[in-house]
Amino acid sequence: MRRTISLLRRRCFKQLFNNFRALRIAVLSLGLAATCSAMADSKAPVRILVGFPVSGGLDVTARILAESMSQVLEQPFMVENRPGAGGMLAAQALKAAKPDGNTLLITNDHTVAILPHTVKNPGFETARDFAPVALLSDRVAFALATNSGTRITHLKEITEWARQNPGKSNIGIPAPRSMFEFAVGLLSKELQFDAAAAAYRGGAPVVMDLASGQIPFGISSPFELLPFAKNQKVRILAVSGTSRHRYLPDVPTFSELGVKGFETTNIVGIYAPAGTPPDLIARYSNAVRVALASEKVKERMHTLGASPNYGSAEALAKGMQRISDTWGPVIRQSGHQPE
């Protein structure tokens, strides 16, 4: 009887040991699978969302960066355009994305710093829903141009043209409820003429209508205007910022012409969804730093009207806050009511 009990105990302990060993192997296997999955995810394609159409300045910037980051990190980066609502659709898509490092957003200050002043519910809160990754440039100029049919050669000639052409002073802008819409108000006040902002979905269609004579004036990036300026379809009258544009040395700044309020240049940065692991944020930020140090990338971005100057996530957050603080009062003083 004792021998039988002893034998049963040995068999029981052996079964427990085998079960424990099987459980341990299973746990280790799960851990290995998770590690392999994480490694696979680190090489998965990364989407870079852009809230404006293909061929626009922001789209081209994203494609330049995607190509360079792919080389730096040996991981594919792909641009996905979500145009519409001044970049809100792309921003909302970023908010909805998993914080796994596989979705990023390249945007200008319009979407994350201006829209919160002009739209009641844009569908996101920048500080809450987005994690800054890196500043690409805080020196992005914009320009005011006219079509060749107006025969205007100097900014201040707009006043007389408007007097002779009442009700026709439409100025095309890249997005509704943007700083450009309020810039039109500033320009109208400074030059003392009645102007109406005509909102488009991106700078490229503004320039197309400007060049074809559909609108007399337009605001866009030098990159989008330059090809048409070279074939004399449009004439660039002034650029924003405190110094002349690298590729437009003969075009004065607004401030040179005595028009104030256009000294601030635009900002472009890259964001991830809130909650993205800090090590991934640092990894992408460093890749941006390496990319912007490339002479090839610098030259390509210069043609877009941007002087690339890498900045940390903190620099991006501060820059966007500066834009918000600068234009917020202008928007409120214009009497604009958020919609």
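These figures come from a predicted structure and were not determined experimentally.
Shortest non-hydrogen contact noted between Ile114 and Met179 is CG2-N, 3.8 Å. The shortest non-hydrogen separation linking Phe223 to Ser55 is CE2-O, 3.7 Å. For Pro308 against Leu292, the heavy-atom pair with the smallest separation is CB-CD2, 4.1 Å. Scanning all heavy atoms of the two residues, the minimum distance from Ser285 to Ala134 falls at OG-CB, 3.9 Å. A pairwise comparison of heavy atoms in Pro99 and Pro277 identifies O-CD, 3.3 Å as the closest pair. Contact record, Arg139 with Thr265: CA-OG1, 3.4 Å, taken as the closest heavy-atom pair.
In this structure, Glu181 CD and Ile173 CD1 are separated by 5.0 Å, a value rounded to the nearest 0.5 Å. Note that CG of Leu94 is 11.5 Å distant from CD1 of Ile48, once rounded to the nearest 0.5 Å. With rounding to the nearest 0.5 Å, the separation of OG in Ser148 from CG in Leu210 is 9.0 Å. To the nearest 0.5 Å, atoms OG1 (Thr118) and CZ (Phe182) are separated by 6.0 Å. Note that the CD1 atom of Ile219 and the CZ atom of Phe262 stand 6.5 Å from one another [nearest 0.5 Å]. Within the model, atoms CG of Asn102 and CG of Leu280 stand 8.5 Å from one another, a figure rounded to the nearest 0.5 Å.
The local environment of NZ in Lys233 is sparse, with at most 12 non-hydrogen atoms from other residues, nucleotides or ligands closer than 6.0 Å. By the 6.0 Å contact criterion, NZ on Lys168 is open, its count of non-hydrogen atoms from other residues, nucleotides or ligands being 12 or less. At most 12 heavy atoms of other shown residues, nucleotides or ligands fall within 6.0 angstrom of atom CG in Asp194. Atom CZ of Arg151 sits in a sparse spot, with 12 or fewer heavy atoms from other residues, nucleotides or ligands closer than 6.0 Å.
Classification of Glu256 and Arg244 as a salt-bridged pair holds, one side-chain N sitting under 4.0 Å from a carboxylate O. At a threshold of 4.0 Å, the pair Arg246-Glu299 counts as salt-bridged, since one of the basic side-chain nitrogens sits closer than that to a carboxylate oxygen. The pair Asp59-Arg63 meets the salt-bridge criterion, since a charged nitrogen lies less than 4.0 angstrom from a carboxylate oxygen.
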For this session: Mind running ring-ring contact (aromatic ring centres under 6.0 Å, His included) on Phe124 and Tyr271 for me, showing each step along the way?
Result: CA-CA 13 Å; Phe124 61 86; Tyr271 288 86; 9.7 Å; no
For this session: Report the C-alpha separation of Thr103 and Arg47 in whole Å, then their side-chain angles, then the decisive distance to 0.1 Å, and conclude whether the side chain to side chain donor-acceptor pair (under 3.5 Å) test is met.
Result: CA-CA 5 Å; Thr103 306; Arg47 292 186 304 158; 3.1 Å; yes
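Under the rule for a side-chain contact (heavy atoms from CB on, under 4.5 Å), the partners of Ala113 that lie at least two apart in sequence or sit in another chain are Asp109, Met320, Ile323, Ser324. With sequence neighbours left out, the side-chain contact (heavy atoms from CB on, under 4.5 Å) criterion links Arg289 to Asn286, Tyr310. Partners of Gln337 according to the side chain to side chain donor-acceptor pair (under 3.5 Å) rule, which considers only residues two or more places apart in sequence or in another chain, do not exist here.
Ring geometry for Phe254 versus Phe142: interplanar angle of 30 to 60°, hence tilted.
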